[in-house]
Amino acid sequence: MCESNVYLKENGAETLIMENVAAITPAGEHRFILRGLLGEQQEVSGIIEDINLMGHKIILKPA
């Protein structure tokens with residue numbers, strides 16, 4: 001599968017925001033809509049710091 005987990009990295013610590021994210025859509029400046037496999041969605045703010053497709057991990061940092 002191609003889903004990834006999205007984390008927010010603050011002060012060196014990573015906090016899980018959402019698991020099994022299938023799509024990320026820009027929703028304005030420093031805002032993204034995360035969509036999961038089952039249709040759930042969440043809007044978050046941040047800046048993409050790292051995308052690791054092989055590790056299924058996306059890291060955002062505060063905007």
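A donor-acceptor pair is defined here as one N or O able to donate and one able to accept, closer than 3.5 Å; no such pair exists between the side chain of Asn20 and the backbone of Asn5. The backbone N or O of Ala13 lies less than 3.5 Å from no partner atom in the side chain of Asn11, so there is not a single donor-acceptor pair.
Ile59 belongs to no hydrophobic cluster, as no Ile, Leu, Val, Met, Phe, Trp or Tyr side chain comes under 4.5 Å of its own. In the hydrophobic clustering, Leu16 connects to Tyr7, either directly or through intervening members, whenever side-chain heavy atoms lie under 4.5 Å apart.
Every salt bridge (Lys or Arg N to Asp or Glu O under 4.0 Å) that Glu49 has, sequence neighbours left out, goes to Lys9. With sequence neighbours excluded, the residues forming a side-chain contact (heavy atoms from CB on, under 4.5 Å) with Ala63 are His30, Ile47, listed by chain and number. Partners of Glu43 under the side-chain hydrogen bond (donor to acceptor under 3.5 Å, both in side chains) rule, at least two apart in sequence or in another chain, are Arg31.
For the atom pair OG (Ser4) and CD1 (Ile24), the distance works out to 7.0 Å, reported to the nearest 0.5 Å. Annotation: the span from Leu37 atom CG to Glu19 atom CD amounts to 11.0 Å, rounded to 0.5 Å.
In the hydrophobic cluster analysis, where Ile, Leu, Val, Met, Phe, Trp and Tyr join through side-chain heavy atoms closer than 4.5 angstrom, Ile51 is grouped together with Leu8. Residues Leu34 and Leu38 are members of separate hydrophobic clusters, defined by side-chain heavy-atom contacts under 4.5 angstrom among Ile, Leu, Val, Met, Phe, Trp and Tyr. Under a hydrophobic clustering in which Ile, Leu, Val, Met, Phe, Trp and Tyr are joined whenever their side-chain heavy atoms come within less than 4.5 Å, directly or via other members, Met18 and Leu53 fall into the same cluster. Taking hydrophobic clusters as Ile, Leu, Val, Met, Phe, Trp and Tyr residues chained together by side-chain heavy-atom distances below 4.5 Å, Ile48 shares a cluster with Val44.
Among residues at least two apart or in separate chains, salt bridge (charged side-chain N to carboxylate O under 4.0 Å, His left out) pairs with a member in residues 51-63 are Glu14-Lys57.
Inter-residue side-chain proximity for Ile58 and Asp50 is flagged as unmet; no heavy-atom pair is nearer than 4.5 Å. Side-chain contact between Ile17 and Gln42: present, with at least one pair of heavy atoms (C-beta onward) separated by less than 4.5 Å. Looking at heavy atoms from C-beta onward, Glu10 lies out of side-chain contact with Thr15 at the 4.5 angstrom threshold.
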